[in-house]
A.B. asks: 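Just dropping this structure here.
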There are 2 protein chains.
Amino acid sequence: MPYLCFMDIRSFFEYGHEEYLPHLSSDVVVIGYAEEKLKCLLLRIGARWLLPGGFIKLDESVEEAASRILTERTGLNDPHLKFLSVFGKSERNFAEEWKEHLEKFGVSWKQDLWINKRFVSLAYYSLVNIPDTHPVTGPLDEAFGWFDLDELPPMWMDHRDIALMARHKLRSDIRKDLVTHHLLPRHFTMPQLHQLHQVILNKDLDRSRFQKQMLATGFFERLPKLQKETRGRNPYQYRIKENKDH
Amino acid sequence: MPYLCFMDIRSFFEYGHEEYLPHLSSDVVVIGYAEEKLKCLLLRIGARWLLPGGFIKLDESVEEAASRILTERTGLNDPHLKFLSVFGKSERNFAEEWKEHLEKFGVSWKQDLWINKRFVSLAYYSLVNIPDTHPVTGPLDEAFGWFDLDELPPMWMDHRDIALMARHKLRSDIRKDLVTHHLLPRHFTMPQLHQLHQVILNKDLDRSRFQKQMLATGFFERLPKLQKETRGRNPYQYRIKENKDH
DNA sequence: TCAAAAGTGTTCTCTTTACACCCATGT
DNA sequence: ACATGGGTGTAAAGAGAACACTTTTGA
């Protein structure tokens with residue numbers, strides 16, 4: 001597991017506070033697109049799932065931490081990443097939820113363990129092309145999976161709220177930023193992008209207008225038409241022009 | 001100073017870590033409007049100025065902390081408050097900047113004082129009606145003042161960046177949210193609001209269109225016209241309808 | 001009655017919308 | 001040839017911009 005650089009699990013619970021900023025965590029809603037649905041990468045601990053997350057090292061910025069966490073989990077080199085929100089309620093303390101699982105790892109549970117304090121989470125979301133990802137489990141979680149954002153499984157803590165807020169923010173960001181191509185392969189077609197936007201916004205969009213609006217931005221570069229894929233006429237492929245990604 | 005509830009200054013530096021979340025601070029860009037300019041409330045320590053700020057108590061949410069800090073400093077009851085950004089660079093450590101001032105307060109400076117660690121700041125901005133505010137100095141700062149955002153004085157740390165980012169965010173938020181009336185008295189006129197928007201956006205706005213757009217939102221309630229104020233025709237006054245202060 | 005400030009209306013333009021039509025290609 | 005899916009054009013509706021006109025009131 002080349003991307004994991006956690007210290008061993010017992011040291012983590014005992015001495016994590018020496019390496020990480022206490023009371024602060026970073027969670028990333030990793031959003032992908034498959035089967036004409038938005039998917040979200042989740043990790044399983046016990047019977048419930050949680051977002052990829054981690055802590056912020058004393059010597060890295062919060063953005064670097066989010067990026068590192070994302071890379072550790074997905075293997076992506078230079079992932080898309082956008083700040084989502086701060087989750088900072090005072091009762092945001094999940095000591096009890098940790099309790100039973102710590103014992104599995106042979107760590108004796110203590111109320112005053114750093115991990116049992118109240119935590120403020122800095123949440124980000126990331127748009128990824130699923131085939132480019134290589135998710136791995138970490139030392140704590142037992143499995144990973146891509147879940148339809150409309151059918152999220154039972155989740156730990158307030159991670160369900162965070163995931164749904166990410167979709168909500170994506171829906172409003174889609175008008176300002178040109179970021180949705182991160183959910184597709186580097187080469188994609190307008191029908192693909194059109195379909196994707198319809199899925200994200202959950203409504204029909206006029207094809208003609210959509211294509212005009214996208215091309216009017218000037219950020220798209222048309223590639224030679226793809227030969228013989230499907231039955232009818234085949235679509236042009238596009239890619240985002242260099243230096244214009246954003 | 002009824003709104004200040006800091007513990008005494010020495011205890012603050014010695015034992016603050018027992019009451020506050022370590023490594024986390026909250027800074028608020030308090031924006032007002034006077035003399036047809038955007039103003040920003042700053043506090044002076046030594047030769048430089050800084051934003052009103054503080055730390056987050058163990059048992060309050062980050063929003064509550066920002067609101068408390070704002071209330072402590074301005075006396076406002078239920079102030080407008082909007083999240084701005086996280087400032088989380090790893091080198092965000094101002095130990096050296098504190099050094100000379102700690103000694104003034106009779107606190108012996110030590111490298112490992114909690115206040116000397118690297119800090120992540122959760123920045124907010126707040127739009128206020130200046131005449132409603134009653135700014136006070138705190139235990140550390142020696143004076144307060146309203147500064148033109150175009151002519152900020154020398155400031156501590158990265159607070160200048162934070163203040164300017166607040167203006168930038170206000171300029172983009174102005175299209176989505178209806179919040180600028182917080183900068184005016186509860187009863188205001190369209191020419192006032194028009195002027196204010198021109199100042200914020202730093203460009204001319206068509207009077208006719210501006211008025212139509214504002215009234216088209218349906219959030220404005222027209223009050224009886226004010227009698228004899230100035231030379232020509234006198235403007236109607238408006239207020240924001242109840243339950244629509246979004 | 002004129003000037004100044006506020007408020008409203010009119011016209012023109014540009015964008016958005018909805019839908020129709022044309023193009024390419026495998027069966 | 002025609003069914004299928006991709007791509008483009010066009011006319012109607014709506015939103016935005018520019019500017020002119022009317023109203024109110026003090027001098």
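Residue numbering restarts at 1 for every chain, and letters A, B, ... go by the order of the sequence lines. Excluded from the calculations below are hydrogen atoms, water molecules and symmetry mates; all remaining heavy atoms, backbone and side chain alike, are included. Note that the coordinates shown come from a computational prediction; the quantities given were computed from them, not determined experimentally.
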A.B. asks: Between A:R239 and A:E221, does any side-chain N to carboxylate O distance fall below 4.0 Å?
C.D. replies: yes
A.B. asks: What salt bridge (Lys or Arg N to Asp or Glu O under 4.0 Å) pairs are there with at least one residue in residues 144-160 of chain B, not counting sequence neighbours?
C.D. replies: B:K37-B:D148, B:R92-B:D158, B:D150-B:R167
A.B. asks: Tell me whether the OP1 or OP2 atom of D:dG6 has a side-chain N or O from A:Q211 closer than 4.0 Å.
C.D. replies: no
A.B. asks: From CZ of B:F210 over to P of D:dA18, roughly how many Å is that when rounded to an integer?
C.D. replies: 16 Å
A.B. asks: Check side-chain contact (heavy atoms from CB on, under 4.5 Å) between A:R209 and all other residues, then give those that pass, not counting sequence neighbours.
C.D. replies: A:D206, A:Q213
A.B. asks: Just the rounded figure in Å: distance from P of D:dA18 to CG of B:D204.
C.D. replies: 10 Å
A.B. asks: Of all residues at least two apart in sequence or in a different chain, which pass the salt bridge (charged side-chain N to carboxylate O under 4.0 Å, His left out) check with A:D173?
C.D. replies: A:K82, A:K169, A:K176
A.B. asks: Check side-chain contact (heavy atoms from CB on, under 4.5 Å) between B:E60 and all other residues, then give those that pass, not counting sequence neighbours.
C.D. replies: B:I56, B:K57, B:E64, B:A65, B:R68
A.B. asks: Using the test salt bridge (charged side-chain N to carboxylate O under 4.0 Å, His left out), find all partners of A:E142 that sit at least two apart in sequence or belong to another chain.
C.D. replies: A:R44, A:K104
A.B. asks: Could you tell me which residues satisfy side-chain contact (heavy atoms from CB on, under 4.5 Å) with A:K212, sequence neighbours excluded, listed by chain and number?
C.D. replies: A:S208
A.B. asks: How many whole angstroms separate atom CD of B:Q237 from atom P of C:dG7?
C.D. replies: 10 Å
A.B. asks: I'd like to compare against my own output: the B/S/- annotation of nucleotides 12-22 of chain C with a strict under-4.0 Å heavy-atom distance to protein.
C.D. replies: ----SBBB---
A.B. asks: Could you list the residues that satisfy side-chain contact (heavy atoms from CB on, under 4.5 Å) with A:M165, not counting sequence neighbours?
C.D. replies: A:L84, A:S85, A:F87
A.B. asks: Kindly state which residues belonging to residues 192-201 of chain B come within less than 4.0 angstrom of DNA chain C, counting heavy atoms of the residue only, listed by number.
C.D. replies: none
